[in-house]
Colleague: 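First, the structure itself, so that you have it in front of you.
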Amino acid sequence: VISVNSMVISKQRRNEPKAASASQWKNPLLISIGTLIVITLTNYITIAKYVNQNGKTELTNDIKPSSSSTSRLQRKANSLTGYWWPSKDDGGILAKIHKVQHPADCSSPSTKFFVLRSLKQFKKDTRGLTAFAHAGSSHLLHALTDGDKFRKFGSRVFITDDKLWPMAKGCVNGPETRECYFEPLTSCKLSDVDPLNTSDRAAVLEDVKAEYDRSIRTLYSARKLWFRLTGQKYSWTGLTGGDTDHSHINMLAATLAYYLRPKDHIRKQIDKRLRQSLPADIDPDRTIGVPIRRSDKCYGHTLEGSAKGELHCPPLDAYLNGVKQFMDFDPLVENVIVTSEDKAACDEFVDLLKGELPQLRIILNVGDVQQGTGSGSKLEAYVDQASNEDVVASALTSMHLHLRARYFVITSMSTWTSTIAVIARVYGFASEIFVHDVGRNHNTFSALARHGCEPVHGEASRMKEI
């Protein structure tokens with residue numbers, strides 16, 4: 001038995017690996033390999049402990065953005081088929097405007113104001129949404145720069161009076177003013193401004209171009225249709241280079257966007273309408289926007305209570321040719337967004353598209369009121385069972401729809417379609433913007449809508465400011 005056990009033990013020992021001799025460990029190659037193994041194991045243990053202590057961490061080259069930038073970018077990306085609008089939380093010019101418009105102490109003698117007064121015949125004011133917004137944004141710039149004297153006198157807080165705004169008649173969610181539908185322009189109240197009868201602290205502009213004592217705490221606007229033109233639009237921002245180095249259209253789009261921030265109940269309506277109208281797979285870079293402005297905009301209309309016509313409205317064939325031009329330029333185009341306050345024109349244009357460009361997917365504003373006018377004084381009179389709020393929410397939905405387009409066919413004779421192009425250039429979802437103008441106006445605003453910059457050489461001589 002002893003002999004057999006000895007044999008078994010001897011066999012097991014022969015099968016076991018031999019221990020390295022002292023001379024073998026002096027081999028430089030073995031020493032290097034051993035050291036490398038130890039370092040690798042040490043690093044692995046260190047990383048494992050870190051992951052265990054800090055939760056799951058992807059060990060890749062993808063650097064996670066900060067939570068603020070993630071939420072901001074994702075908010076827009078996730079809102080492709082729902083409500084989105086730029087806000088102060090995005091930083092930039094909007095945040096700067098918000099800061100000026102929300103001073104620490106509205107009652108302080110050092111807080112100065114510019115009060116926009118309504119027209120004398122405010123109950124018959126026929127201006128539409130974007131005409132109001134364009135005037136409002138221009139007066140806002142006047143306040144921010146204090147009439148191009150910011151460097152010496154600082155900014156003023158911009159605030160509007162509380163007279164009736166015709167579009168807000170019958171408002172059930174606020175006063176019958178702009179604030180029925182849109183966020184307040186400032187945290188200050190009219191009770192913070194100096195009344196007109198305090199001559200030592202308040203002054204009134206007799207004309208939009210009139211000069212005034214800028215030491216006066218409260219300045220009241222002239223009750224005129226137009227506004228003062230601001231030359232030093234960036235003077236109040238603190239950015240060096242001013243208007244020479246920075247874009248006019250960025251400032252214009254920001255002031256318009258600030259003026260047109262909807263209140264929560266309007267945001268919810270816009271969101272609902274957008275989700276009903278936009279397909280889930282829409283690609284803005286493959287989309288054409290055609291905001292058709294007709295009805296009361298055209299010479300010879302018979303709409304009672306609306307503004308007088310302002311142009312010979314381009315034929316619908318001109319809009320169709322614009323769409324064809326973009327399709328020839330970019331064969332990848334798949335969608336066309338068609339909107340209009342004029343139902344007959346919209347229906348006719350849709351029929352043209354179906355007949356001549358059947359490959360296009362047509363996107364409409366589902367449930368669009370199409371009140372048949374862009375004038376603001378008697379909106380409720382044109383469509384049965386439609387309130388002013390319905391019309392405003394519907395019109396704003398059309399504007400928001402077009403932010404999902406890359407190519408536009410517009411008439412720059414219309415403030416409405418020009419405003420859509422301007423805002424889309426800065427805040428739209430597409431990678432770039434192209435505009436085909438079928439009814440050309442000749443002013444700075446229309447030039448910004450067409451090509452995103454001031455009038456080019458040869459065009460400037462024909463320009464006139466409005």
Colleague: Does a side-chain N-to-carboxylate-O contact under 4.0 Å join Arg117 and Asp161?
Modeller: no
Colleague: When the ring planes of His139 and Phe114 are compared, do they come out parallel, tilted or perpendicular, using 30° and 60° as the limits?
Modeller: tilted
Colleague: Please report the closest heavy-atom contact between Ala168 and Thr177, naming both atoms and the distance.
Modeller: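 Heavy atoms only, the tightest pair is CB-O, 3.4 Å.
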Colleague: For the residue pair Arg214 and Tyr212, would you count it as a cation-pi contact if the rule is NZ or CZ under 6.0 angstrom from the ring centre and within 45 degrees of the ring axis?
Modeller: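 Ring-cation test returns yes.
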Colleague: Assess the side chains of Thr339 and Asn365: does a donor N or O sit below 3.5 Å from an acceptor N or O?
Modeller: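 No, no side-chain donor-acceptor contact under 3.5 Å.
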Colleague: Taking C-beta and beyond as the side chain, do Met327 and Tyr407 meet within less than 4.5 Å on heavy atoms?
Modeller: no
Colleague: Does the ring of Phe122 carry Arg223 above it, NZ/CZ under 6.0 angstrom from centre and within 45° of its axis?
Modeller: no
Colleague: Hey, can you tell me if Phe408 and His402 have their rings parallel, tilted or perpendicular (30° and 60° cut-offs)?
Modeller: tilted
Colleague: Does Lys263 NZ have over 12 foreign heavy atoms under 6.0 Å away?
Modeller: yes
Colleague: Any salt bridge between Asp264 and Arg267, counting N to O under 4.0 Å?
Modeller: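 Counted as a salt bridge, because a side-chain N and a carboxylate O are separated by less than 4.0 Å.
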Colleague: Hey, are the side chains of Leu144 and Thr237 touching, using non-hydrogen atoms and a 4.5 Å cut-off?
Modeller: no
Colleague: I would like to know whether Met399 and Leu260 meet side chain to side chain contact (heavy atoms under 4.5 Å, CB included); could you show each step before the answer?
Modeller: CA-CA 11 Å; Met399 174 182 286; Leu260 292 170; 4.2 Å; yes
Colleague: Given the rule in the salt bridge (charged side-chain N to carboxylate O under 4.0 Å, His left out) test, do Asp271 and Lys268 qualify, once you have shown the distances and angles that lead to the verdict?
Modeller: CA-CA 5 Å; Asp271 183 72; Lys268 289 177 180 177; over 6 Å; no
Colleague: Applying side chain to side chain contact (heavy atoms under 4.5 Å, CB included), run through Leu274 and Thr81 and close with a yes or a no.
Modeller: CA-CA 6 Å; Leu274 289 173; Thr81 58; over 6 Å; no
Colleague: Do the non-hydrogen side-chain atoms of Cys346 and Ile292 ever get within less than 4.5 Å of each other?
Modeller: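 Answer no - side chains too far apart.
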Colleague: Considering only heavy atoms from C-beta outward, does the side chain of Glu389 approach that of His265 to under 4.5 Å?
Modeller: yes
Colleague: With side chains defined as the heavy atoms from C-beta onward, is the minimum distance between Arg406 and Arg286 less than 4.5 Å?
Modeller: no
Colleague: Please report the closest heavy-atom contact between Ser235 and Asp243, naming both atoms and the distance.
Modeller: N-OD1, 4.5 Å
Colleague: Where do Ser412 and Arg450 land on the side-chain hydrogen bond (donor to acceptor under 3.5 Å, both in side chains) test, with the steps shown first?
Modeller: CA-CA 8 Å; Ser412 61; Arg450 273 193 298 275; 3.1 Å; yes
Colleague: Less than 4.5 Å apart, any side-chain heavy atom of Cys188 and any of Pro103?
Modeller: yes
Colleague: Flag yes if more than 12 heavy atoms outside Lys99 fall under 6.0 Å of its NZ atom; otherwise flag no.
Modeller: no
Colleague: Counting the benzene-type ring for Trp, do His134 and Phe445 have ring centres under 6.0 Å apart?
Modeller: yes
Colleague: Under 6.0 Å from the six-membered ring centre of Phe158 and within 45° of its axis: does the NZ or CZ of Arg156 meet both?
Modeller: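 Negative - Arg156 is either too far from the ring of Phe158 or too far off its axis.
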Colleague: Looking at Lys112 and Ile216, what are the two nearest heavy atoms and their distance?
Modeller: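 Taking every non-hydrogen atom into account, CD-O, 3.8 Å.
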Colleague: For the residue pair Phe349 and Tyr319, does the interplanar ring angle fall in the parallel (under 30°), tilted (30 to 60°) or perpendicular (over 60°) class?
Modeller: perpendicular
Colleague: Ignoring hydrogens, what is the shortest heavy-atom contact between Leu360 and Val333? Give both atom names and the distance.
Modeller: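 The pair with the smallest heavy-atom distance is CD2-CG1, 3.8 Å.
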Colleague: I want to check something: taking the side chain as every heavy atom from C-beta on, are Arg273 and Val366 in contact at a cut-off of under 4.5 Å?
Modeller: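 Not in contact.
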Colleague: Does the pair Asp90/Arg75 count as a salt bridge with the N-to-O cut at 4.0 Å?
Modeller: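 Looking at Arg75 together with Asp90, the answer is yes, because their closest N to O distance falls below 4.0 Å.
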Colleague: Could Asp207 and Lys209 be called an ion pair, given the rule that one side-chain N must be under 4.0 Å from one carboxylate O?
Modeller: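 Salt bridge absent between Asp207 and Lys209.
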Colleague: Count the heavy atoms of every other residue, nucleotide or ligand shown that sit under 6.0 Å from NZ of Lys76, and state whether that count exceeds 12.
Modeller: yes
Colleague: Can you label the angle between the Phe182 ring and the Trp165 ring as parallel, tilted or perpendicular, going by 30° and 60°?
Modeller: tilted
Colleague: Any heavy-atom pair between the side chains of Tyr259 and Ile97 that's under 4.5 Å?
Modeller: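 Answer no - side chains too far apart.
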Colleague: Given the rule in the side-chain hydrogen bond (donor to acceptor under 3.5 Å, both in side chains) test, do Asp285 and Ser431 qualify, once you have shown the distances and angles that lead to the verdict?
Modeller: CA-CA 7 Å; Asp285 276 351; Ser431 61; 3.0 Å; yes
